[in-house]
Structures are given as C-alpha cells and as structure tokens.
Amino acid sequence: MAKKKERTTTEQTEMGATSGQASSAQTPESINPLEVQKPKRTRTKKSDAPLAEMGIMDTAAAPETVVTVENAQTATSTAKGRSKKAIDTSSESIKPAKPGRAKKIALVPAVENIPTGPEQPVYYNAGHITDFDIHLFREGRHYTLYEKLGSHVISHQGRQGTFFAVWAPNAAQVSVIGDFNGWNRESHQLQARPDHSGIWEGFIPGVAAGMLYKYHIKSSYHLYHVEKSDPFAFQRELPPHTASIVADINHNWQDESWLSQRSAQQAEPQPYSVYELHVGSWRRKPEEGNRSLTYRELAQELPAYLKEMGFTHVEFMPIMYHPFNGSWGYQITGYFAAASNFGTPEDLMYLIDVLHQHGIGVLLDWVPSHFPSDEHGLAYFDGTHLFEHADPRKGYHPDWNSYIFNYGRNEVRSFLISNALFWLDKYHIDGLRVDAVASMLYLDYSRKHDEWVPNEHGGRENLEAISFLKDFNEAVHTRFPDVRTIAEESTAWPGVTAKVADGGLGFDMKWMMGWMHDTLHYFSRESIYRRYHQGEITFSIIYAFAERFMLPLSHDEVVHGKGSLINKMPGDDWQKFANLRTLYTYMYAHPGAKLLFMGNELAQGREWNHDSSLDWHLLDQLPHAGMKELVKELNHVYKNEPSLYFHGFEGQGFEWIDFNDSHNSIISFMRNGQNGSEKMLVVCNFTPAVYDHYRIGVPLAGNWAQVFNSDDGRFGGSNYAANGTLHTVAEPMHGRDFSLEIKMPPLAVLYFKYLP
C-alpha cells in the first residue's frame, strides 16, 4: 500500500496539530494529545497530560461476586442503544450494502428465547485469565491474547454463557450491551481486575454464539463515554453495522496433507508465484445487483483457476473487517474478524481449506502500520490514546489520515503480534505480507522537517517500531517455522530479510520496489529510445541479492491514474501486447519470487476498480486470451525448471552473458540451478527489430533446447522464429568458449535449456 491516498473510513475532524501545523519548537505537552482526534462526544475541558500513560482506578473485586441490577432502565435500548450507535460511521465514507448481499450470507444464527433485561447476573473472577497471562500481557509477550480477551463461550459453575474481557485501563465503567439485554448500558457491567492490568471482565450466562454486542465505556476523564466494538471479536455485523458477534469459530480442517508438505519443505528452495487478489472484485454477479462472490462461491471457482494458471500462492488483500470498501481492506476496525461482506469466519476457513487441498498456499496482507479513526474502532478507545501514540507527530499518518500504533506500549505489541499469530493459527494462513513497513521504520516518513520528533539518539529511525518488527518475526518463526513473512518496504533499509540474530528485521522476503519502478519506467519508453537507457533494465542485478526479493507487479501500479499495465506499454496495439509479453517473460527469468495482481494476466485495458469485476469478457479476444495463456505457461515453466528458482535469492543463481549490447537493446544471462548442468539461457530483445543470425556465448558445449518463446503464436505473437534445439559451435563469444546462433524475434524473450 505504498503511499496510497485512499479515503479514510472515518468521520474526520481537524487535528489539533495537523501535518502542516506542527512546529519544531512544540513539545508533547504543548501539542495536547486529546486533540489528535476529537471524538464527537461532549467533554468539559481538555487536558495537557498524556492520558494514555495513566493507570486505572483502584477497583478491587471480591473473590466471587454476582451482580444483578434490579431496576435497570431497559429503555436505554432506544435512547442510547442500537438505533443511535450501531451505525457510527458517516454516510459519506461508508457505502451501503450491495443489494441482495445480506440475503446471501447468514451472518447471525437465529437464537430463540433470548433472555433480556436484569434477569441475567454477571459473574466475576471466572478464572479465564490467569496471573501469568497478565504478566505476559504487561511484558508485551502474550501472543495468544485472542484466547483470553474478547468474548468466549464457556461453562462456568455449571452454566453456559459467554466470558467477556476488554482492555480499557482509563475507564471508570465498562458494560456489555447487546441484543440479549436490549442494548442496556447499565444492566451488565464488567469489573476491573484488581491487578491494575486495565482489563475488565465478567461472565454472563445465557449469552450464546450468534448474539450481538458492544462495550459501553465511560472514561475516567471529561465525562467521555462511547460504544465500542470488541477489538478481539472473531465476527462482526455486515457493514455499515458495527456490532460484534459472539462467535465460537471452528472448522473441520481437511488440509493435513498440505500442512505436512509445508513443514517438510520449509528448508528447501521453492518456486513462489503469487496471484494478488481483492476478494470483493475478482468476480461479481451482475445479475444479482453486481454483488461480490461469497467465500464459499470463491471456493468453487478460485482454487481451480489458480491451479490451472500454475500459481503457487494466492495473496489476499486484507480480509479483516473494514467498513469502507474503498479502503481495499487497508483501513481495519476489526483485526480479528473476517470481512463479513463475503460470509462467516467458517466460510473463509472453508475457502482456505479448499485452496490448500488444491495445492495453493495462502498469503494474507497484514496492516500493523496504521488504523482508522472510526468511533466504534480502536481510536481513543477508553477516552485516551490507548492503541495510538498520543503525540500526532508520532501517532498520526498524514498519507492515510489514520492513526499509528504506539509500538512502545507493551500491551499494544501483545495485541498486534497476537493478531498475526491468530491468522496463522486459526485460519492456517501460510504467510503474512506486512503492509507499509517503510512508514513504520522512519519517524519522518512522508513528513516535513518540522513534523516529526527524533529518536533518543537524534535520528530518524523509529526504534520502537524496529523492535516490534523483530519481535513479530521471531514470534512467527518460533511458533510457525514453515510460515513466511514478506515486507512491503520501499527504501534501502539494510537487513530487512536478515535474521534478527544477525541484526536484521527477520523477514523472509521483501518486495523489490526498485526493480518494479525501474522496469516499468524502462518499458514505458518507446523502443527506439531504450538503447540510451540500458542501465534501467540491468541495474537491478547490482543489488538483486542484497535481500531475498519478491518481484511485485501489484495493485499499486494499476490505480490512481497510473493506468493499466497494457496501457503503460508504448506503440500500436501489436507492440503493446508484445511489450507486455516481454515484460512478464523477463520478470519470470529475473532472480526472485514473483507476484502478479489479478487482471494483469488478462491484459485488462482499464485501471482496476474495486467496485466492479475483472473484465473477463476480454478473453473472447485473441490478444487477451493469448496473454492469459502466456502467464499460464510461464508459471508452469517456472515451477518445473529448478534453474529458475533454486538459487532465486543467491548470486550463484545468476550469470550475465551480455549486458553491453545497448545499441540493439538486447540483454542475455544465465540462470543456474542446483548442479552445474541445470542451466537456462535467457535472451531478451526489447525492440521490434528481428535478427536471423544473433550469436550468444554459452559456458557449456552441447545441445540447448528452446523451451519458451514469448513471440509464440499461441500467445498472440508473430511466430517469427522457432529455434528448436540448437547445437553449440567452438566459436568463442562473450568470454565463453562456445556459442549459439539464434533467430531473435521482435519484442520477445527466449529461454534455452541446456541438455547434458
């Protein structure tokens, strides 16, 4: 999500110190943390104290207490409850649900005979949270908080019900409101633990899975009160509604074979060909109000498509609960809840299970870099800046009009790392792509010189975020050693994929943003001018092995006026398609893992639109169908030829043949596999010129078979040359003792495999 300017999900008010107003002379005290975001609640005054650091009131609980409120005012369900608070996001930033969608997805199971009012007592000290839990929580090392906080259906003293727990250290009162008590703000109050952890808890019998609820929080400060969704809820209502749902998430997994294979192969080099996908717009149902496919409908179509196309993994753009579709999932208000637009948590588990059974790995975009200011979400949670940093110079994101997590607060670190592990544990996710890492690493990211605060050493590095990322990667790799983490990091930060023990951040891969920008810039040039810019296409090899790179042609490159990939290509229609075929074939031969955004395989002419389906009808036309066939064939060649992936992150896997033929805009190189005889010769012609007698030096004598030609007629190419199998001659070339004479088609890339 590099520097995306998507709309925020929130009702925004002006910041107390916006990105253009902060002064280098200001101190945290003069900024006033309460003005980072002023919630729409009545408050009597402002405070200069950093409230997020204050402790809770001393509210010790009895060893076993049962509270029954005899005279609860159930009328508050109308005055203060669902009618006013269930939808707390403005109509300007939240789009209404699509017609027919709610009918397709049974999100809330029917619950008969729901008890209401004061008849249900609240039991405290149910024993669900232990002293050791609190110790780990305070240290920032409780990585399974999702088993403790939130809502959990349990049995207590022989009664079935739900245990509720929420972290709100600066609250004076916390109540559970929901359909089980008529959204009464007084009848079911939680109690603060006596250990000053800031956790409020209570067991309410009779509350079952499928019931709606929120927390009503009265702050200790300024008479502030608010209704909040549960940060740890496993399920949420269909947007724009924002209530949490009590959910006992379970699925009868059938992917044991996949998980066993994943574990057995963790130390072996593997091909990584990733299809980046936005769940809401891959396919739609125009005959049903243009609604998106549900998770279960995707399970019927997506796994077979990915297997046919030869992709090894699918990467879902964020599928956590987000109320505004236009954020593409990057403005999350429910970190533990699957997006309810497409089905239930179990429905998403079913989709992932089916993908695994088809041999497709599942990566998930994860967003620990920022979160929106929706009133029902994490922002200003208990009347203080609890999850976000109070100082806007550290806690406000100017690019995305959102909040930045306070990585220096241990409880926040526990929340975030628990969330990452939750998706790996409960949803069997195979890898996490961490969004906007660069924005986390630098205190001055996208800020003017007077809009940020240096670290304790006077530098621009965010030491707390760096420490958090290291802890995150160590936690993931300790508990799930066969899972991969991938950083979207757009700078030259050293050691992103180095081990934490060696001083690195600990990621397994990093998006190669420099390659993406240089390559697309080169390909956007008219071919006649490319001879003057040969360095743009060869420069990436200089640093290709400094990190373990993934080559991304991602969603960021086909939005916000950048144009589709096919329309970035110069020339007439034939040259546009030939250029795009050349780009993809060059990409699959370049060292590193691969990522292609959905629709790129169709050579879709328009920019991606999250509100509509991909242009599948284009496959009725040969150039587009040919492009899909080319990507399919590239994936199969890539997976079946170890020379293209075995040393994908190591210098020994690459060898230049010739990068000096700038006059003809031709480059050639060798990809080397596990042993000396696994070799693939790659020759790229970046102009429409053809060559019948182009000589290439090779290191080994013998036969070299052409295994791929991007100019093949099956792909929409000209079919100019079919080289077949060629035999070397003892004519030195390019510093090698042997050479081949090949026919070089226009705007094309050829692969030749050595046959021992």
Side-chain angles (χ1 to χ4, degrees), residues 271 273 309-310 519 523 527 530 537 551 553 565-566 569 571 573-590 594 596 600-603 622-645 657-658 661 664-671 673 678-698 702-728 739-755:
S273 178
M309 291 297 295
T519 300
F523 270 88
S527 58
R530 290 175 178 172
I537 204 68
L551 279 57
L553 291 175
L565 289 189
I566 187 67
M569 303 295 112
D573 284 347
W574 187 90
Q575 289 196 24
K576 284 180 180 292
F577 280 90
N579 268 304
L580 192 57
R581 291 192 298 269
T582 300
L583 168 61
Y584 291 164
T585 312
Y586 159 71
M587 170 188 176
Y588 272 79
H590 192 286
K594 327 296 176 188
L596 200 64
N600 287 343
E601 79 275 23
L602 310 179
L622 176 60
H624 299 277
M627 194 67 68
K628 176 175 175 285
E629 188 66 21
L630 174 125
V631 172
K632 173 182 174 181
E633 188 68 21
L634 279 173
N635 275 323
H636 287 289
V637 171
Y638 172 61
K639 291 194 302 182
N640 294 328
E641 298 295 340
S643 58
L644 293 177
Y645 69 80
I657 299 297
D658 182 28
D661 190 5
N664 294 310
S665 297
I666 293 178
I667 63 173
S668 52
F669 54 87
M670 195 75 63
R671 294 300 311 278
E678 284 183 350
K679 291 186 178 294
M680 188 76 71
L681 170 65
V682 180
V683 188
C684 308
N685 178 13
F686 297 121
T687 75
V690 298
Y691 304 90
D692 289 331
H693 307 285
Y694 196 86
R695 186 161 294 279
I696 296 286
V698 292
N703 294 325
W704 293 77
Q706 180 178 290
V707 296
F708 196 86
N709 176 7
S710 67
D711 189 51
D712 194 302
R714 294 180 299 127
F715 311 140
S718 66
N719 254 342
Y720 174 76
N723 286 285
T725 299
L726 303 178
H727 192 78
T728 58
S739 61
L740 298 170
E741 185 178 271
I742 67 173
K743 292 183 177 180
M744 195 69 224
L747 285 171
V749 178
L750 304 178
Y751 295 173
F752 293 92
K753 179 181 180 180
Y754 177 64
L755 303 179

Which atom names give the shortest non-hydrogen contact between Ala721 and Asn709, and what distance separates them?
O-ND2, 3.1 Å
From Leu634 CG over to Glu601 CD, what is the distance, rounded to the nearest 0.5 angstrom?
12.5 Å
Output the distance between atom CZ (Arg714) and atom CG (Leu622), rounded to the nearest 0.5 Å.
12.0 Å
Might you confirm whether atom NZ of Lys679 has over 12 heavy atoms from other residues, nucleotides or ligands at distances under 6.0 Å?
yes
Residues Glu741 and Arg695 bridged, charged N to O under 4.0 Å:
yes
Under a 3.5 Å cutoff, is there a donor and acceptor pairing between the side chains of Asn664 and Tyr691?
yes
About how many Å separate CZ of Phe686 and CD1 of Ile537, when rounded to the nearest 0.5 Å?
4.5 Å
Given 3.5 Å as the limit, does a donor-acceptor pair link the side chain of Asn685 with the main chain of Val749, or not?
no
Using only heavy-atom distances, determine whether the side chains of Ser273 and Asn635 contain a donor-acceptor pair under 3.5 Å.
yes
Sub-3.5 Å donor-acceptor pair from the side chain of Asn719 to the main-chain atoms of Gly713, do we have one?
yes
Would you give the length of the straight line joining atom NE2 of His727 to atom CG of Leu755, rounded to the nearest 0.5 angstrom?
11.0 Å
Go through it in stages, so that I can follow the logic: the residues are Val637 and Tyr588, the test is side chain to side chain contact (heavy atoms under 4.5 Å, CB included), and I'd like the CA-CA distance, side-chain angles, deciding distance and then a yes or no.
CA-CA 9 Å; Val637 171; Tyr588 272 79; over 6 Å; no
Let me know which of Glu678, Glu641, Gln706 forms a side-chain hydrogen bond (donor to acceptor under 3.5 Å, both in side chains) with Lys753.
Glu641
How far apart are the closest heavy atoms of Leu644 and Ala589, and which atoms are they?
CD2-CA, 4.4 Å
Donor-acceptor contact present, side-chain Thr582 to main-chain Leu747, <3.5 Å
yes
So Asp573 and Lys576, side chain to side chain contact (heavy atoms under 4.5 Å, CB included) or not? Walk me through it.
CA-CA 5 Å; Asp573 284 347; Lys576 284 180 180 292; 4.2 Å; yes
Between Arg581 and Gly717, the two heavy atoms sitting closest are NH2-CA, 3.5 Å
So, Asp692 and Tyr720: side-chain donor and acceptor under 3.5 Å apart, yes or no?
yes
Do the non-hydrogen side-chain atoms of Ile696 and Leu681 ever get within less than 4.5 Å of each other?
yes
Describe, in one word, how the ring planes of Tyr751 and Phe708 are oriented to each other, choosing from parallel (under 30°), tilted (30 to 60°) and perpendicular (over 60°).
tilted
Could you tell me whether a side-chain N or O of Asn723 sits under 3.5 Å from a main-chain N or O of Lys743, the two making a donor and an acceptor?
yes
Which value, rounded to the nearest 0.5 Å, describes the distance between Gln575 atom CD and Leu580 atom CG?
13.5 Å
Cation-pi check, Arg530 to Phe523: give yes when NZ or CZ is under 6.0 Å from the six-membered ring centre and within 45° of the ring axis, no otherwise.
yes
Would you say Leu750 and Val682 make side-chain contact, with heavy atoms under 4.5 Å?
no
Is there a side-chain contact between Phe577 and Met569 (heavy atoms, below 4.5 Å)?
no
Taking atom types as modelled, is there a side-chain donor on Asp712 or Ser710 under 3.5 Å from an acceptor on the other?
no
Can you check side-chain hydrogen bond (donor to acceptor under 3.5 Å, both in side chains) on Tyr584 and Asn579, steps first, answer last?
CA-CA 9 Å; Tyr584 291 164; Asn579 268 304; over 6 Å; no
Whether Lys594 side chain and Met587 backbone form a donor-acceptor pair below 3.5 Å
yes
Using the ring centroid of each side chain, check whether His590 and Phe669 are separated by less than 6.0 Å.
no
Closest non-hydrogen atoms of Met670 and Ile657, given as atom of the first, atom of the second and distance, are CE-CD1, 3.8 Å
Could you state the interatomic distance from CH2 (Trp704) to CE (Met680), rounded to the nearest 0.5 Å?
9.5 Å
Evaluate the side-chain proximity of Thr519 to Leu583: yes if any heavy-atom separation is below 4.5 Å, no if none is.
yes
If every non-hydrogen atom of Gly702 is compared with every non-hydrogen atom of Tyr754, which pair is closest and at what distance?
CA-CE1, 4.3 Å
Going by heavy atoms in the side chains, are Trp574 and Pro746 under 4.5 Å from each other?
yes
Hey, are the side chains of Val690 and Met744 touching, using non-hydrogen atoms and a 4.5 Å cut-off?
no
Distance-only polar pair, side chains of Thr725 and Asn703, donor-acceptor under 3.5 Å:
no
Let me see the working for Asp661 and Ile667 under side chain to side chain contact (heavy atoms under 4.5 Å, CB included), right down to the final yes or no.
CA-CA 7 Å; Asp661 190 5; Ile667 63 173; over 6 Å; no
Donor-acceptor under 3.5 Å (Asn600 side chain, Leu553 main chain):
yes
For the pair Phe715 and Glu633, evaluate side chain to side chain contact (heavy atoms under 4.5 Å, CB included) and give the outcome as yes or no after the intermediate values.
CA-CA 10 Å; Phe715 311 140; Glu633 188 68 21; 4.0 Å; yes
Is the shortest side-chain heavy-atom distance between Val707 and Phe752 below 4.5 Å?
no
Under the criterion side-chain hydrogen bond (donor to acceptor under 3.5 Å, both in side chains), I'd like the reasoning laid out for Ser668 against Asp658: C-alpha separation, chi angles, the key distance, then a yes or no.
CA-CA 5 Å; Ser668 52; Asp658 182 28; 5.1 Å; no
